[in-house]
Amino acid sequence: MRTTHPSVGKSRPEIEAELRGVLEYNRSETLKLMLHDAPIGEVLEKIVLDAEAVLPGSICSLLLLSADGERLTYGAAPNLPDFYNAAVEGAAVALGNGSCGTAAASGTRVVVEDVATHPYWAAYAELTRKAELGACWSQPVLGPRRTVVGTFGIYHRTACSPTDRDIVVIEHASDLAALAIDRHRAQEELTHYRDHLEQLIAERAATIVCLNRELQQRVEEAQAANRAKGVFLANMSHELRTPLNAVVGLAALLQESVTDPVQRQRTERIVIAGRHLLGTIDAILDLSKIETGKFTLEDCPLRIDAIVDNVVAMMRDRAESKDLVLRVDVPEMPFALAGDPVRLQQALLNYVGNAVKFTGQGTISLRVRVLETCAASVFLHFEVQDTGIGIKPAALRRLFQGFEQADSSISRTYGGTGLGLEITRRFAELMGGTVGVDSVEGQGSTFWFTARLRKSTEGAASGPPAQARALAITDPSALRAILQRDWAGSRVLVAEDEPINAEITRALLESVGLTVENAVTGREAVDKAITFAPTLILMDMQMPELDGIDATRAIRALPGMARLPIIAMTANAFAEDRAACLAVGMNGFLSKPVLPGRLYAEILAQLTAQQAEPLELV
């Protein structure tokens with residue numbers, strides 16, 4: 001008989017709090033299996049066994065939807081009898097066909113408290129008696145488009161109904177199974193694409209569009225999910241950056257070699273789509289880190305006029321292509337300020353980018369005002385005014401929520417996700433401010449945000465830091481020319497174990513006259529730091545034998561290697577990853593995918609810094 005669990009009588013929030021530790025641990029361990037490419041059957045079996053451990057007396061089962069969507073096939077059910085699993089293999093997806101067949105057909109949870117009397121189980125009466133099963137509840141497993149990809153079933157020996165504790169565990173296991181199934185299918189598709197290189201460019205473009213849409217939906221779901229889902233989203237960012245690095249890098253190389261106009265246009269579209277997807281991934285990662293408490297603002301000297309100049313420099317070409325006038329009104333600051341220049345610049349870029357997108361003719365004005373000043377800080381008001389299409393009054397209140405725009409026709413006509421406004425709101429709030437918009441439909445809009453910046457005693461910065469300066473570089477041509485002129489023949493050691501990424505990096509570096517040597521393990525990187533005598537090292541964090549952190553420690557311990565420039569180039573994009581790299585003596589940090597201009601800028605800055613003073617990039 002089923003015993004009464006101590007959770008009976010507790011509210012759902014109390015049950016979720018009680019289970020949070022074990023469920024987050026189970027999720028973390030399952031994600032480790034996924035990230036280490038464990039077989040899908042092993043991952044699904046762990047999900048099933050973890051659920052059974054949390055719900056004593058239960059027998060769990062995962063069934064997968066067939067490719068044609070008409071049948072259910074075995075996924076994992078290690079504690080159901082073999083004859084039972086064989087009998088339900090290929091069960092039809094149909095209303096009334098058991099709990100799982102009905103759940104898959106309806107897309108909703110199905111609870112059958114007594115299989116011996118319920119009509120859904122009439123055709124399986126002899127089978128359930130032989131297997132000694134009394135109850136079966138089934139939860140549909142929903143994929144990224146909220147379509148059914150399988151079912152998660154829980155059986156009991158006696159007739160019974162689920163408790164709130166059962167439901168919490170069922171939903172958690174189903175969500176985790178959906179992620180595992182989705183990732184497995186994506187890996188199968190990538191394996192297929194690898195064998196069809198001639199079709200890769202066109203298929204990648206379609207895949208990027210599809211992934212972008214899926215990411216939009218995943219972020220929307222993550223905003224309503226718990227902390228564990230936020231952590232998983234950050235981990236998925238790492239998984240996406242590695243293949244995206246290959247997409248962006250190969251497209252950049254193709255741009256250099258393709259002469260056919262049609263092919264050049266298609267390649268350019270891949271680059272644009274890749275950059276858009278990278279921006280979306282970065283924004284999602286920032287939101288995830290904010291929600292999980294891992295996001296921290298920089299605190300360094302900055303100049304408001306320099307940040308505004310960067311924004312104008314980056315947006316000038318887009319504005320001039322539409323004959324728009326960019327105007328700037330920035331007061332002179334009589335005191336030095338400190339804060340996060342990169343996030344301030346990103347917030348302004350989001351506003352100015354939207355203004356350019358939604359303005360057909362006229363003027364875009366960027367203004368900064370001092371609202372309040374005290375002994376320790378200054379409260380600033382930033383605004384971007386345009387003469388564009390304006391916004392309907394009913395849509396204004398939704399604008400600063402993730403993936404929201406004024407109406408659905410905007411995304412069809414102008415593109416975009418609406419995520420930039422959500423990011424700007426989060427940045428402003430972290431800086432002690434808020435956001436808002438004033439708009440008249442058909443006449444234009446004024447988007448604004450406020451931020452409190454610390455008065456600095458270190459003196460005004462002569463310009464934005466290296467990271468902010470690099471953001472202003474949109475054309476790598478000048479950087480390529482400087483590298484070819486001043487640093488041709490310099491030796492660069494690329495420590496990278498992934499063959500495609502190593503090949504792309506080598507091609508990008510050799511195209512500007514650098515001499516390249518590759519190391520596929522951390523130990524080999526240490527050895528070649530001696531034998532190859534590089535001028536600079538690009539170091540991946542995750543490698544066999546020694547990871548990038550330990551390899552850097554070993555290199556720094558070698559005679560004459562204390563000032564050798566070492567740049568991390570990794571798919572790990574957390575602030576703590578960057579801090580760990582800098583703590584062991586790395587000089588720079590690049591998160592994949594690395595656009596050619598950003599790669600050249602960092603290499604040039606580090607080479608120049610080693611020779612003399614750091615190079616001013618803007």
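By convention here, the first residue in the shown sequence is residue 1. Since we're looking at a predicted model, the values are computed, not measured.
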*asked:* Set out, in order, the CA-CA distance, both residues' side-chain angles and the distance that settles side chain to side chain contact (heavy atoms under 4.5 Å, CB included) for L366 and D329, then state yes or no.
replied: CA-CA 6 Å; L366 195 164; D329 181 8; over 6 Å; no
*Find the distance between CZ (R563) and CZ (R556) and round it off to the nearest 0.5 Å.*
10.0 Å
*Indicate yes or no: at least one non-hydrogen side-chain atom of V594 is less than 4.5 angstrom from one of L508.*
no
*Under 3.5 Å: donor-acceptor pair, side chain of S28, backbone of E24*: no
*Quick check: does any side chain N or O of S439 sit under 3.5 Å from a backbone N or O of I391, one acting as donor and the other as acceptor?*
yes
*Taking the six-membered ring for Trp, are the ring centroids of F449 and Y351 within less than 6.0 Å of each other?*
yes
*asked:* Tell me if a side-chain donor or acceptor on S321 pairs with a main-chain N or O of R318 at a distance below 3.5 Å.
replied: yes
*Can you name the nearest heavy-atom pair linking F382 to A451, along with the distance?*
CE1-CB, 4.4 Å
_Working note: D577 + T570, criterion side chain to side chain contact (heavy atoms under 4.5 Å, CB included); need CA distance, chi angles, decisive distance, verdict._
CA-CA 9 Å; D577 297 316; T570 173; 5.8 Å; no
*Can you check whether M34's main-chain N or O pairs, donor with acceptor, with R183's side chain at less than 3.5 Å?*
yes
*Under a 4.5 Å cut-off applied to non-hydrogen side-chain atoms, are L380 and R369 in contact?*
no
*asked:* Is there a side-chain contact between V512 and L479 in this structure, where contact means two heavy atoms from C-beta onward sitting under 4.5 Å apart?
replied: no
_C581 to M541 - nearest heavy-atom pair and separation_ = SG-SD, 3.6 Å
*asked:* Just verifying a value: how many Å separate L302 CG and I307 CD1, rounded to the nearest 0.5 Å?
replied: 4.5 Å
*Does the D386 side chain pair with the main chain of A355, one donor and one acceptor, at a distance under 3.5 Å?*
no
_Salt-bridge present (E29, K32; N to O < 4.0 Å)_ = yes
*Taking C-beta and beyond as the side chain, do L538 and L536 meet within less than 4.5 Å on heavy atoms?*
yes
*How far apart are the closest heavy atoms of K455 and C374, and which atoms are they?*
NZ-O, 2.9 Å
*Is R343 close to T424 at the side-chain level, that is, under 4.5 Å between some pair of heavy atoms?*
no
*Is there a side-chain contact between L421 and F447 (heavy atoms, below 4.5 Å)?*
yes
_For T535, all residues meeting side chain to side chain contact (heavy atoms under 4.5 Å, CB included), sequence neighbours excluded_ = S490, R491, L607, Q610
*asked:* Can you tell me how far apart CH2 (W487) and CG (L604) are? Round to the nearest 0.5 Å.
replied: 8.0 Å
*T446 and D438: side-chain donor and acceptor closer than 3.5 Å?*
no
*asked:* Donor-acceptor pair, distance only, cut-off 3.5 Å: does the side chain of T387 make one with the backbone of G444?
replied: no
_Please determine whether side chain to side chain donor-acceptor pair (under 3.5 Å) holds for the pair S377 and R454, giving the CA-CA distance in whole Å, both sets of side-chain angles, and the decisive distance to 0.1 Å._
CA-CA 4 Å; S377 66; R454 181 176 62 85; over 6 Å; no
*Go through the steps to decide whether D547 and Q542 satisfy the test side chain to side chain donor-acceptor pair (under 3.5 Å), and finish with yes or no.*
CA-CA 5 Å; D547 62 22; Q542 296 185 2; over 6 Å; no
*Measure across E332 and P334 and return the closest heavy-atom pair with its distance rounded to 0.1 Å.*
O-CD, 3.4 Å
*Could you list the residues that satisfy side chain to side chain contact (heavy atoms under 4.5 Å, CB included) with R12, not counting sequence neighbours?*
E16, I167, V168, E171
*Side-chain contact test, heavy atoms from C-beta onward, threshold under 4.5 Å: evaluate it for M569 versus D540 and give yes or no.*
no
*asked:* Quick check for you: to the nearest 0.5 Å, what is the distance between L514 atom CG and L483 atom CG?
replied: 6.0 Å
_Atom pair NZ (K322) and CG (D317), whose distance is rounded to the nearest 0.5 Å_ = 14.0 Å
*Measure the shortest side-chain to side-chain distance between R598 and E602 over non-hydrogen atoms and say whether it is less than 4.5 angstrom.*
yes
_Does V435 form a side chain to side chain contact (heavy atoms under 4.5 Å, CB included) with T450? I'd like the steps, not just the answer._
CA-CA 7 Å; V435 297; T450 55; over 6 Å; no
*Heavy atoms only: give me the nearest P331-V368 pair and the separation to one decimal.*
CD-O, 2.9 Å
*Could you go through the side chain to side chain contact (heavy atoms under 4.5 Å, CB included) check for V378 and F335 one step at a time?*
CA-CA 9 Å; V378 176; F335 24 68; 3.4 Å; yes
*Measure the spacing between CD1 of I304 and CG of D309 and express it to the nearest 0.5 Å.*
11.5 Å
_Nearest heavy atoms of M539 and A495, plus distance in Å_ = SD-CB, 3.7 Å
